Amino acid sequence: MPYRAPLSDYQFLLDHVVGFDQIAATETFAEASADVVSAILTEAGKMCEEVMAPLQRPGDLEHPRLENGVLRTAPGFAEGWKAISEGGWIGMSGDPDYGGMGLPMTVTSAVNEMMSAACLSLQLAPLMSQGQIEALEHHASDGLKELYLPKLMSGEWSGTMNLTEPQAGSDVGALTSKAEPNGDGTYAVTGQKIYISWGDNDFTENVCHLVLARLPDGMPGTKGISLFLVPKYIPDETGNPGVANDLKVVSLEHKMGLHGSPTCVMQYDGAKGWLVGREHGGMAAMFTMMNNARLGVGGQGVGVAEGAYQHALAYALERKQGKTPSGTIIDHADVRRMLMDMRADTFAARAILLANAAAIDMAQATGDADWAARAALLTPIGKAFGTQTGMRVAETGVQVHGGMGFIEETGAAQYYRDVRVTAIYEGTNGIQAMDLVGRKMMDGGEAASRLLDEIEGQAEQARATLPELAGPVWEATESLRETTEWLVAQGDMNTRFAGATAYLNAFARVLGGHYHLSAALADPDGPRAKLARYYINALLPEHASLLAQAQKEVNDLFALSIEEMAV
Ligand SMILES: Cc1cc2nc3c(=O)[nH]c(=O)nc-3n(C[C@H](O)[C@H](O)[C@H](O)COP(=O)(O)OP(=O)(O)OC[C@H]3O[C@@H](n4cnc5c(N)ncnc54)[C@H](O)[C@@H]3O)c2cc1C
């Protein structure tokens, strides 16, 4: 079943929900007029439908292989990468001085989401390059920028991120990779990195690795880590790939899904690298890449949700079972429930991510600290809720298909298998929740409170026209405010962490209510209002139980001894 890019949803969200007009009104993004954005989304949608979507199934069936140290990618992926590169979709938000388009992240997020829906395995490759581009733009020397950025943006070269080691997963500070100064301004990087997405390929001239490693005088923990750019081929004096660097792909992981994406174990043996950012400042530099990737990974979840929904809807429209007005299962109430849950949550998650991207754009364009704080607050929510929505919707998609959902040919199972990792990589969803209640509440909950004020303000105004929708949104927001105040008052971080996941999900539920209400206000007699009514009546009430869980008694979690847990 072919993928159809949801262009009208993006257009509606940009026009009526996330306030794209204020982004386009800034000097920085003055060229992102409504016409330009609409043309870009249409063009990207076409590429996703015609080039990337047909690669989804072959990428699942014919995995990348390592043949005598040479990585062979899945059939058609080289052509897919070429189409992505030639369309300019890698450097969309890149600096125009280095060949990028300088477009807002809001637009890039929509395009990335479409690419994820079409073929998640392949989309992970440009996503890694985009993160690297942003990290280099912010932290690399001018020389590195001039040499690497144009090639990364054009897709001639590709980028990866190397944090994880066998003993250093969520605890990045435990890494043991080393970097020694060579005495000529370069460094010798040694160590093993695992799970490296797109650690190699057979379609770009060079593969550029951003590697976290410790200098000899680097203290233990995250504060002693530095970041290095380590290319597969060392550029010669003309800037072209020269001699091979001392690094290799040792093996490829065998995974539950995302088969088209090679997940590599990388070995660095004194490989030549260049420092990015300052010595021991690696985490700050890497965070630029990780925040970009967190937004992108949240969008991967939403993209998969969209693809899974389209498949499930098509199946429900043709499967005949039982007596219904249309003759197909779409008229059974329980099937409708599944499809409405899928659609309403996909809209909510998409709106949260686009609002997150919009806050990033406004922070960049205005330099306003409040916008930066808004973006920082929304990032863990967008990443975790976006990926969770992807998982839940894909799982429901399998259910809509009945037995055929368990049979690979329909594609429903692939969405479910592929999306599962999105809740794990780029900081597990548990780590996102801890970030939300920890670092993102270090301001005493101020950024959260400002956002809740806005939500309540809109709900107050909406009472005049849509009281039955505005009331529940206002009340849910007030409950979230009370729990936020309770949370901020907890000095014991373990108490906050115990309820962090529930709190994040409750926050996402309320945000979803807010954006659905915005949609209903813009389209009071149309399908958006009907979908909003469903979300607010059927899904928003979940916030109450989540908020109760957020204030759970931490001692209950640790009440059973380890011995008691084993029985
Ligand atoms: C397909 C795939 C692609 C990947 N791509 C890349 C890549 O390109 N580059 C890269 O560097 N890495 C990559 N990763 C690695 C990924 O980012 C890590 O798997 C992830 O960060 C989790 O680390 P871990 O697997 O060691 O799990 P662990 O850190 O061992 O976590 C196990 C469980 O414990 C929880 N946990 C751990 N610490 C805490 C804590 N302090 N508080 C509460 N809970 C905690 C986690 O949430 C999780 O549920 C990839 C992984 C996969 C599977």
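It should be emphasised that the depicted structure is a prediction, and the values quoted were computed from it without experimental measurement. We use all heavy atoms of the structure for the numbers below, so side chains are in, but hydrogens, waters and symmetry mates are not. We count ligands from 1, going down the list as the structure has it; atoms in each ligand are counted the same way.
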Check against ring-ring contact (aromatic ring centres under 6.0 Å, His included), W274 and F228: CA-CA 5 Å; W274 282 261; F228 300 89; over 10 Å; no

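Side-chain atoms of T160 and N162 form a donor-acceptor pair, as typed in the model, at a separation below 3.5 Å.
Under the side-chain contact (heavy atoms from CB on, under 4.5 Å) criterion, L546 pairs with A502, N505, A506, R509, E542, Q549, sequence neighbours left out.
Within the structure, no pair that satisfies the side chain to side chain donor-acceptor pair (under 3.5 Å) test touches residues 222-231, not counting sequence neighbours. Residues in residues 115-124 take part in these side chain to side chain donor-acceptor pair (under 3.5 Å) pairs, two or more places apart or across chains: S116-Q123, Q123-Q300.
Enumerated by chain and number, the residues approaching ligand 1 to less than 4.0 Å through a heavy atom are M161, N162, L163, T164, G169, S170, Y195, I196, S197, K255, T263, V421, I424, Y425, E426, T428, I431, M434.
In this pair, H63 and H259 present their aromatic rings parallel. The plane angle is below 30°, not in the 30 to 60° band.
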